[in-house]
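Read through the structure below, which is laid out as structure tokens, and then see the notes.
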Amino acid sequence: MATPNRLWMGLLLLGVLGVLQTPAPAQAALQPNFEEDKFLGRWFTSGLASNSSWFLEKKKVLSMCKSVVAPAADGGLNLTSTFLRKDQCETRTLLLRPAGPPGCYSYTSPHWSSTHEVSVAETDYETYALLYTEGVRGPGQDFRMATLYSRSQNPRAEVKEHFTTFAKSLGFTEEGIVFLPKTDKCMEEHP
């Protein structure tokens with residue numbers, strides 16, 4: 001009969017091996033031959049997936065937002081998003097600085113003052129774009145998010161399915177994926 005110490009050591013070893021055998025989330029690919037000029041213009045944030053506890057708590061009250069991507073004076077991109085918050089339209093602009101190959105950017109989070117990396121993983125420029133963002137908010141608080149941008153407020157079912165597959169390939173669960181409901185507020189057609 002195994003002694004209690006050997007039994008615990010065996011269980012611990014099995015646990016460690018189980019952790020080591022659990023595949024890590026895949027890294028998002030990068031859009032081959034990314035063409036920044038084709039990525040510019042108006043997008044709607046149609047889907048999100050995140051590991052953030054804030055996101056999981058608030059996902060039921062989030063709605064679609066409008067984002068406009070425009071060239072920044074320093075060679076990066078300005079990402080200006082307008083969204084509904086507490087029944088009012090709010091607008092925020094992030095400066096996306098080039099951070100590696102074309103399609104990779106970094107920005108400073110206005111809430112956490114931390115740097116996040118964002119990459120355009122896939123886009124057809126005319127219909128949808130899949131983005132992946134990661135960063136650290138503090139010790140042990142990693143932040144990861146997948147975003148579905150669409151050129152229209154009504155992305156096709158196959159685009160939504162493609163986003164779900166993309167998000168799951170990055171380790172997000174069904175619970176962490178949401179498609180944002182369309183709203184008429186803050187969505188005026190002019191950028």
Chi angles and distances behind the side chain to side chain contact (heavy atoms under 4.5 Å, CB included) call for Thr45, Lys66 = CA-CA 6 Å; Thr45 303; Lys66 178 183 69 174; over 6 Å; no
Is the Phe44-Tyr149 ring centre distance short of 6.0 angstrom?
-> no
Separation between [atom1] of [X] and [atom2] of [Y], rounded to the nearest 0.5 Å:
X      : Y      : atom1 : atom2 : value
Tyr132 : Ser119 : OH    : OG    : 8.0 Å
Trp43  : Thr147 : CH2   : OG1   : 12.0 Å
Tyr107 : Leu96  : OH    : CG    : 8.5 Å
Glu161 : Thr165 : CD    : OG1   : 7.5 Å
Phe163 : Phe172 : CZ    : CZ    : 8.0 Å
Lys182 : Ser152 : NZ    : OG    : 8.5 Å

Does any part of the side chain of [Y], heavy atoms only, come nearer than 4.5 Å to the side chain of [X], both counted from C-beta?
X      : Y      : value
Thr133 : Phe143 : yes
Tyr125 : Glu35  : yes
Glu134 : Val118 : no
Met64  : Phe179 : no
Leu48  : Met145 : yes

For the student: nearest non-hydrogen atoms of Phe39 and Ala129, plus distance | CE1-CB, 3.7 Å
Any idea which heavy atoms bring Leu30 and Val120 closest together, and the distance?
-> CD1-O, 3.4 Å
Is a side-chain N or O of Gln31 found less than 3.5 angstrom from the main chain of Thr123, in a donor-acceptor match?
-> yes
Would a distance-only check, ignoring hydrogens and angles, find a side-chain to backbone donor-acceptor pair under 3.5 Å from Thr183 to Lys185?
-> yes
Let me check something: any side-chain donor-acceptor pairs from residues 69-84 under 3.5 Å, sequence neighbours excluded? List them with distances.
{"from": "Asp74", "atom 1": "OD1", "to": "Gly76", "atom 2": "N", "distance (Å)": "2.9"}
{"from": "Thr80", "atom 1": "OG1", "to": "Thr93", "atom 2": "OG1", "distance (Å)": "2.9"}
{"from": "Ser81", "atom 1": "OG", "to": "Ser67", "atom 2": "OG", "distance (Å)": "2.7"}
{"from": "Thr82", "atom 1": "OG1", "to": "Thr91", "atom 2": "OG1", "distance (Å)": "3.2"}

Do [X] and [Y] have a side chain donor and acceptor closer than 3.5 Å?
X      : Y      : value
Tyr128 : Glu122 : yes
Ser46  : Ser150 : yes
His116 : Ser114 : yes

So does Lys38 pair up with Glu126, basic N to acidic O under 4.0 Å?
-> no
For the pair Leu148 and Phe166, evaluate side chain to side chain contact (heavy atoms under 4.5 Å, CB included) and give the outcome as yes or no after the intermediate values.
-> CA-CA 10 Å; Leu148 168 62; Phe166 170 71; over 6 Å; no
List for me each residue that meets side chain to side chain donor-acceptor pair (under 3.5 Å) alongside Arg92, sequence neighbours excluded, and say none if there are none.
-> Glu90, His111
